[in-house]
Every structure is written in structure tokens, then in C-alpha cells.
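Below is one structure, written out as C-alpha cells; comments come after it.
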Amino acid sequence: MRIQLLPSTFDSQGHATLEQRLTCFLIDDCVAVDAGSLALAATREQREKVRDIIVTHPHMDHIATLPIFIDDLYPTLKSPIRVYATQEVIELLERDIFNWNVYPRFSELKNDYGPVVEYVPIPAAQEFKVAHLSVTAVAVNHIVPTVGLVVSDGRRTVAFSSDTSETQEFWNIINRAPSLQALLIEASFPNSMSELAEVSRHFTPASLQQELGKLNQKDVEILAVHIKPSYRQVIIDELKALNIPGLGVMEPGRIYNW
Ligand SMILES: [Zn+2]
Ligand SMILES: [Zn+2]
């Protein structure tokens, strides 16, 4: 499985930098997990291929360019873009984003070929298909309805925590997953901001360390993501100081193969 965390910040020359402000992972260049930076950072080839987008929750850093991505492709789509999310999240997207005020309600619009968006409600803790992948979504503990994902291409499995704090069912599911190669897990705030992390339901390196005690799988690459750019170096230093084997930091833009 080929996974890229799309960049969301660029330097004065237009080159991607390591700060992650938005969340969008591309799997095998065709399935997106969240769409924070999708319309900004996808290459022309990726833009042509991505027709399946899983939305873990409706926070802006995860959906910022979802409307723009659909808008860009609107005239040329020969089949609808499929947006996978829990029913609750679909309703929030329709109410708060695609409401004719913030952006058009694409689910009611058609181009010359037909509908441009199709919502696919995802079941909780039950496997469903997205393109060539099998996905299980599980509710995690964030401030709005949010799912973590366990994704398999039939040979390898990768888990995405999305935004969460202390949780349980996610671990029950990933501990049972066959061939788990990697866990992409959030580490949003430095240890000094544990109170804010708690109320906004995110991890610090210290709370992440405790949480990783629930992982019963061996030889899993653990990559921290969703590191708040203003505290990036402090968080990375605190993660390193944990000395957890297999724990690293995911680099936006880099292609990981598992
Ligand atoms: Zn969030
Ligand atoms: Zn977020």
C-alpha cells in the first residue's frame, strides 16, 4: 500500500514544507482519507484518479478543500465523487458546508453526465469496500463525531487514528487486524498543553505514550501526524524522548510503501 500525507504548507519557492496544517492522506493515489489539502496539493494525475474520499470528521482542517476539489472537477466528472462518512457527519457537511451559503449543495446538482457527488454512509465497526480497499471505521474519542480507520488492500493493513484522545474500541479492532504494518496516530499538542489537549480531545506525547500501551501488535511502524505547526519541534523532541521502538514522525509529501 502506498500512502502519502499531502503537504499543506509551502515555502516562498512553492516547495512543500514539513508543517502540517491540513489533513489529507492519499492511498494508492486514488483513495483520500480526509480532504484538508486535497485540492491544493494533489498532482494532476492524482486529481484525475481520486474519486473516493473518506471523511473522518467535519473539522475544517480535514475538509477544507473538499468543496474546492469537487468544484474543480465539476464539469468533467463522468461519475460522481463518492464521499464516505458516518450518517451524522454527512448531515453536518450538508448543514454546515454544502448549504448554498458556504458552498453549493453539490449533492443536488448534476453536470452533463449526471450527479457529481454521492454520499456513502459508512457503518460502525463493520468492514466496507472503498475502491480496491477494505475499510473498517470505528468511533474514536474526539469533540465531534469522528472515526478512526483500519484499511487493508488484502495483503497489508494500515490504521489511521484520525483526531482522538484516550479511546478503546479502535485498539480492540487494530489488535485483531492481520498484517498490520503501520499506525498513523495523532500527537497534536506538547506536554505543557495537556489541559487544552484534554478539552479538545487530542493527544500530547505523554498521553500518546500511555495510549500506545494498548497496542498488542509487534513490529508496527508508528508515525505521529497532526502535529500543531507552532509547537512542531517541541512535540518532536518530546516524542523522541519517549524512546518507543518504531515511533517516528510522518513527513508530508513523502511516499510511504507498506
Ligand atoms: Zn478534529
Ligand atoms: Zn484535525
Side-chain angles (χ1 to χ4, degrees), residues 3-9 16-27 32-42 53-69 83-98 102 122 124 137-151 158-170 183-191 193-205 207-208 211 222-232 234-236 238-239 249-253:
I3 299 184
Q4 187 183 19
L5 170 58
L6 288 190
S8 54
T9 304
T17 70
L18 294 177
E19 289 108 339
Q20 186 199 345
R21 295 194 159 79
L22 304 169
T23 294
C24 176
F25 300 95
L26 280 192
I27 306 175
V33 171
D34 290 325
S37 50
L38 182 58
L40 291 178
I53 303 171
I54 308 170
V55 175
T56 65
H57 70 297
H59 276 160
M60 188 58 89
D61 52 322
H62 298 254
I63 58 147
T65 72
L66 176 63
I68 312 301
F69 186 75
V83 176
Y84 302 76
T86 59
Q87 189 60 42
E88 277 171 299
V89 170
I90 292 171
E91 283 164 19
L92 292 170
L93 290 173
E94 287 283 279
R95 190 193 73 183
D96 298 337
I97 304 295
F98 298 105
V102 174
I122 58 181
V138 51
V140 290
N141 178 15
H142 194 34
I143 202 152
V144 292
T146 303
V147 290
L149 303 171
V150 179
V151 178
V158 175
F160 300 76
S161 73
S162 189
D163 291 7
T164 188
S165 50
E166 187 191 6
T167 189
Q168 190 52 56
E169 205 189 346
F170 179 68
L183 165 61
L184 313 183
I185 190 159
E186 74 127 285
S188 296
F189 288 107
N191 290 334
M193 297 178 76
S194 60
E195 232 166 86
L196 180 58
E198 235 164 83
V199 295
S200 59
R201 312 259 180 99
H202 286 292
F203 286 129
T204 62
S207 58
L208 177 61
E211 195 68 8
I222 304 163
L223 293 177
V225 295
H226 205 272
I227 294 171
K228 294 277 180 194
S230 313
Y231 316 105
R232 183 177 163 81
V234 182
I235 296 170
I236 290 174
E238 289 176 351
L239 287 168
V249 172
M250 192 167 196
E251 275 179 43

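Just follow the structure's listing: the first ligand is 1, and inside any ligand the first atom is 1. Fair warning: this is a prediction, and the values are worked out from it, not measured in the lab. In what follows, residues are counted from 1 in the order of the sequence shown.
Between the side chains of His57 and Asp163, at least one donor N or O sits under 3.5 Å from an acceptor N or O. Residues Arg21 and Ser8 have side chains that never bring a donor and an acceptor to within less than 3.5 angstrom of each other. No side-chain donor-acceptor contact under 3.5 Å links Thr23 and Asp61.
The Zn ion (ligand 1) has no N, O or S atom of His202 under 2.8 Å away, backbone or side chain. Distances from the Zn ion (ligand 2) show that Glu186 has no N/O/S atom below 2.8 Å. Taking 2.8 Å as the criterion, His57 does not count as a coordinating residue of the Zn ion (ligand 2), since none of its N, O or S atoms falls below it.
Crowding of Gln168 atom CD: a count of heavy atoms from other residues, nucleotides or ligands under 6.0 Å exceeding 12. Within a 6.0 Å sphere centred on CD of Glu94, heavy atoms belonging to other residues, nucleotides or ligands number more than 12.
When you scan the N, O or S atoms of Asp61 for the one nearest the Zn ion (ligand 2), you land on OD2. Shortest distance from the Zn ion (ligand 2) to Asp163 is reached at OD2 (N/O/S atoms only). The N, O or S atom of His59 lying closest to the Zn ion (ligand 1) is ND1. Summary: NE2 is the N/O/S atom of His142 found nearest to the Zn ion (ligand 1). Nearest N, O or S atom of His62 to the Zn ion (ligand 2): atom NE2.
Taking the six-membered ring where tryptophan is involved, the planes of Phe189 and His202 are perpendicular, since the angle between them exceeds 60° and thus also 30°.
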